[in-house]
Amino acid sequence: MAKLLILKKRKDFVRAAKGLKVVTPSLILQAAQSLCVPDDCCRFGFTATKKLGKAHIRNRTKRRMRAAVRDVFYDNALSGTDYVLIGRYKTATVDFMALKSDLLYALSKINKMITEKKEPHSDEADLHPTD
RNA sequence: AAAGGCGGUCGGAUAGCUGCACGGCGGAAAGGAAAAUCCGUUUGUGAGGAAAGUCCGGGCUUCAAGAGGACAAAACACCAGAUAACGUCUGGCUGGAGCAAUCCAAGGGAAAGUGCCACAGAAAAAUACCGCCGGAAACCAUUUCCGGUAAGGCUGAAAAGGCGAGGUAAGAGCUCACCGCGAGGUUGGUAACAAUCUCGGCAAGGUAAACCCUGUUUGAAGCAAGACCAAGUUAGGGGUUUUCACGUGCGUUUACGCAAACGGAAUAGAUGGGGCGUUCUCUCCCCUCUCCAGAGGUAGGUCGCGAUGAGCCUUUCAGCAAUGGAAGGCCAAGAUGAAUAGCUAUCCCCCUUUUUAGGGGACAGAACCCGGCUUAUAGACUGCCUUUUUAG
RNA sequence: GCGCUCGUGGCGGAAUUGGUAGACGCGUAACGUUGAGGUCGUUAUGGGCUAAGCCCGUGAAAGUUCGAGUCUUUUCGAGCGCA
């Protein structure tokens, strides 16, 4: 895929939160099928809650997640998918290479889950992932 | 040199690679043109002293309102000045802390009125329990009654100026010296106030960060203010198709036909299709051609919004200072799920370690803009002042 | 952006107008009852020093007052409302 778009609407975040989820020490990744996006795009959203700290810590968390995504999304993200990254306490302080490897692991795992879901059933059958 | 006090400046630096936002420049398609959109470009710029808390004051915007005044509510309160304004700042006064430099203070009114002052104590704001003194009566070791007194008394945070002398039946500012207090005058000062002189003899406690009184200030709300554009929905209108159930017309006829007859209807009716109610049947409900488009203004967008502002820097003048005037120079973030990041190298600072080396670099992120206040803050540099010690 | 409320033992929650702080309930511990446990009853229970006793304690720091849980200011935390 060629393009990276940023999620902006609350609706999209809520839909991603209802989808699949992978947790790593430095971040949480959620994903769901996009509804109205061109084929060669995938969309990313970034969340940093008030629990993490004050404003400058939340800003740094989002910036680091954005930088990591920019490095890896081209080879590892599926097109037509919405991803949401949620920051954790460690995200702002952990080594950048570790953050990147966590992101790669989470992406590969969640992509595997998505393709497995797609193959056996039709798309409308599994709105509620049960694991 | 040590200890201390009051300020001021800064808030890691440089280079490279990969990326972000806005502006500039160039190009693309479309278009009358512009705006907007997309692509490229290293061409420019890119968080703070508090951006924070939202505690005050303004600009700006909308609403309200004759000018103005009053009530209510809130805030403030020694004096003078600065300022657009302020509850801010500067200088001074008074009181307090400190050897000092210096620092701290919501610092008007209790003689306008109301309330409160637990426990203790005779008594908490008005009085006489004990005591002291005098007189009278009873009775004769003392008791009772009347009067004077505020010297002494336990208590308490606080008990009718302090201390000494005179004075007295005992006492008392009753009188006197000193100190304190109050009133008036003089001098100095713009004033708060200070110094000094004369007089009064002492008025009857605290609390106003209890109500309150006096004086001053305040119209309300906030950029999600507000202005503009504007899907969908939709008043209304046009066109096409269908419908003969309705009115009129025509034909035949008394019930049908005619929409290449007209009007009206489209939320009248019929037929068909779809949706919903688990399944089937029935009933019921909703939807079912297209174009234009008023008003309103929703979703959404644009502006407000940053290169003109109580702006910044330098020099100079006035002033003790806050600050003000003049001259010269400069233009410096503008996002909206919200731009500054990631990595590498060198230098700087701190910690650990025998070296190599390793770890760390505070508080903290603009959101319409300014002036303050408050709070958080590793460390670095620097100016002035005070005290003590040593040397000359 | 504007505005409001609340912080008291381990927990919930009292404290009249400023006057001895921890009422009341839950919990915890010990003892009694029981073969054992529950229920029930009694006692104790904030922190420090061993007991009497003293000191410190109402989110934190200052102030007013003779005296603050209460009044005032600043600050920290939690929650709520409106646009």
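In what follows, chains are A, B, ... by sequence order, proteins preceding strands, each numbered from 1.
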Engineer: For B/U18, does either OP1 or OP2 sit under 4.0 Å from a side-chain N or O belonging to A/R66?
Structural biologist: no
Engineer: Once side chain to side chain contact (heavy atoms under 4.5 Å, CB included) is applied, do any residues pair with A/I57, and if so which ones, sequence neighbours excluded?
Structural biologist: A/T61, A/A92
Engineer: With a 3.5 angstrom cut-off on both distances, give the Watson-Crick or G-U wobble partner of B/G219, or none if there isn't one.
Structural biologist: B/C63
Engineer: I want to check one thing: is the phosphate of B/G342, taken as OP1 and OP2, less than 4.0 Å away from some side-chain N or O of A/R64?
Structural biologist: yes
Engineer: Quick one: side chain to side chain contact (heavy atoms under 4.5 Å, CB included) partners of A/R63, sequence neighbours excluded?
Structural biologist: A/N59, A/R60, A/R66
Engineer: Pick the P atom in B/A118 and in C/G67, then give their distance to the nearest Å.
Structural biologist: 15 Å
Engineer: Can you tell me how far P in B/A338 sits from the matching atom in B/G12, rounded to whole Å?
Structural biologist: 26 Å
Engineer: If only side-chain N and O atoms of A/R63 are considered, is one of them under 4.0 Å from the OP1 or OP2 phosphate oxygen of B/U340?
Structural biologist: yes
Engineer: Checking base pairs now: Watson-Crick or wobble, both atom distances under 3.5 Å. What partners B/A160?
Structural biologist: none
Engineer: Using a 90° cut-off around 0 for syn, call B/A120 syn or anti.
Structural biologist: anti
Engineer: Let's test this: given Watson-Crick or G-U wobble pairing with both distances under 3.5 Å, identify the partner of B/C212.
Structural biologist: B/G109
Engineer: Starting at CG of A/L85, measure out to OG1 of A/T47 and round the result to the nearest 0.5 Å.
Structural biologist: 8.5 Å
Engineer: For A/I57 and B/A47, what is the distance between atoms CD1 and P respectively, to the nearest whole Å?
Structural biologist: 21 Å
Engineer: In this structure, how many angstroms lie between the P atom of B/A21 and the CG atom of A/N59, rounded?
Structural biologist: 16 Å
Engineer: List for me each residue that meets side chain to side chain contact (heavy atoms under 4.5 Å, CB included) alongside A/I28, sequence neighbours excluded, and say none if there are none.
Structural biologist: A/K21, A/V23, A/I86, A/R88
Engineer: Can you check the distance between B/U88 and B/A75, where both ends of the measurement are the C1' atom (answer in whole Å)?
Structural biologist: 15 Å
Engineer: If we take the P atom in both B/G311 and B/A85, what is their distance in whole Å?
Structural biologist: 15 Å
Engineer: If you look at every heavy atom in A/T24 and A/A106, which pair is closest and at what distance?
Structural biologist: CG2-CB, 4.0 Å
Engineer: Listed by chain and number, what are the salt bridge (charged side-chain N to carboxylate O under 4.0 Å, His left out) partners of A/K62, not counting sequence neighbours?
Structural biologist: none
Engineer: Nearest whole angstrom, please: distance from the C1' of B/A341 to the CZ of A/F46.
Structural biologist: 12 Å
Engineer: Syn or anti for B/G31, given that syn means the glycosidic angle lies within 90° of 0?
Structural biologist: anti
Engineer: Side chain to side chain contact (heavy atoms under 4.5 Å, CB included) between A/L20 and A/Q30: does it pass, once the steps are laid out?
Structural biologist: CA-CA 5 Å; A/L20 303 167; A/Q30 296 172 335; over 6 Å; no
Engineer: Taking the P atom of each, how far is B/G95 from B/G182, in whole Å?
Structural biologist: 13 Å
Engineer: According to the Watson-Crick and G-U wobble definitions, with both distances under 3.5 Å, which nucleotide is paired to B/U186?
Structural biologist: B/A195
Engineer: Report the C-alpha distance between A/V84 and A/L29 in whole Å, list the side-chain angles of each, state the deciding distance to 0.1 Å, and finish with yes or no for side chain to side chain contact (heavy atoms under 4.5 Å, CB included).
Structural biologist: CA-CA 6 Å; A/V84 171; A/L29 183 68; over 6 Å; no
Engineer: Measuring only the C1' atom in each nucleotide, how far is B/U290 from B/U278? A whole number of Å is fine.
Structural biologist: 40 Å
Engineer: Just label B/G173 as syn or anti from its O4'-C1'-N9-C4 or O4'-C1'-N1-C2 angle, using within 90° of 0 for syn.
Structural biologist: syn
Engineer: Determine which nucleotide pairs with B/C181, using a 3.5 Å limit on both distances of a Watson-Crick or G-U wobble pair.
Structural biologist: B/G200
Engineer: Roughly how many Å apart are B/G232 and B/G66, using the P atom of each and rounding to a whole number?
Structural biologist: 44 Å
Engineer: RNA chain C: stems of at least 3 consecutive Watson-Crick or G-U pairs, cut-off 3.5 Å?
Structural biologist: C:1-7 with C:76-82, C:10-12 with C:24-26, C:27-32 with C:40-45, C:46-49 with C:53-56, C:59-63 with C:71-75
Engineer: Just checking A/R58: base, sugar-phosphate only, or nothing, at a heavy-atom cut-off of under 4.0 Å?
Structural biologist: nothing
Engineer: Quick one: classify the glycosidic conformation of B/U196 as syn or anti, with syn meaning within 90° of 0.
Structural biologist: anti
Engineer: Starting at the 5' end of RNA chain B, which residue's closest nucleotide do you reach first, A/H56 or A/K62?
Structural biologist: A/K62
Engineer: Counting side-chain heavy atoms from C-beta on, which of B/A341, B/A364, B/G337 comes nearest to A/A67?
Structural biologist: B/A341
Engineer: If pairing requires Watson-Crick or G-U wobble contacts with both distances under 3.5 Å, which nucleotide is the partner of B/G294?
Structural biologist: none
Engineer: Look through every strand shown and name the nucleotide pairing with B/A326 as Watson-Crick or G-U wobble, where both distances are under 3.5 Å.
Structural biologist: B/U315
Engineer: Syn or anti for B/A341, with syn set at within 90° of 0?
Structural biologist: anti
Engineer: Nearest whole Å is fine: how far is B/A341 C1' from A/R60 CZ?
Structural biologist: 9 Å
Engineer: If we call it a pair only when both distances are under 3.5 Å in a Watson-Crick or G-U wobble match, what pairs with B/U252?
Structural biologist: none
Engineer: Measure the spacing between OH of A/Y105 and CG of A/L27 and express it to the nearest 0.5 Å.
Structural biologist: 11.5 Å
Engineer: Let's see if you can work this out: which of B/A339, B/A364, B/G337 has an atom nearest to the side-chain heavy atoms of A/T47?
Structural biologist: B/G337
Engineer: Taking the C1' atom in each of B/G49 and B/A84, what is the distance between them to the nearest angstrom?
Structural biologist: 25 Å
Engineer: Among all residues two or more places apart in sequence or in another chain, which pass the side chain to side chain contact (heavy atoms under 4.5 Å, CB included) test with A/A31?
Structural biologist: A/T81, A/Y83, A/I110, A/I114
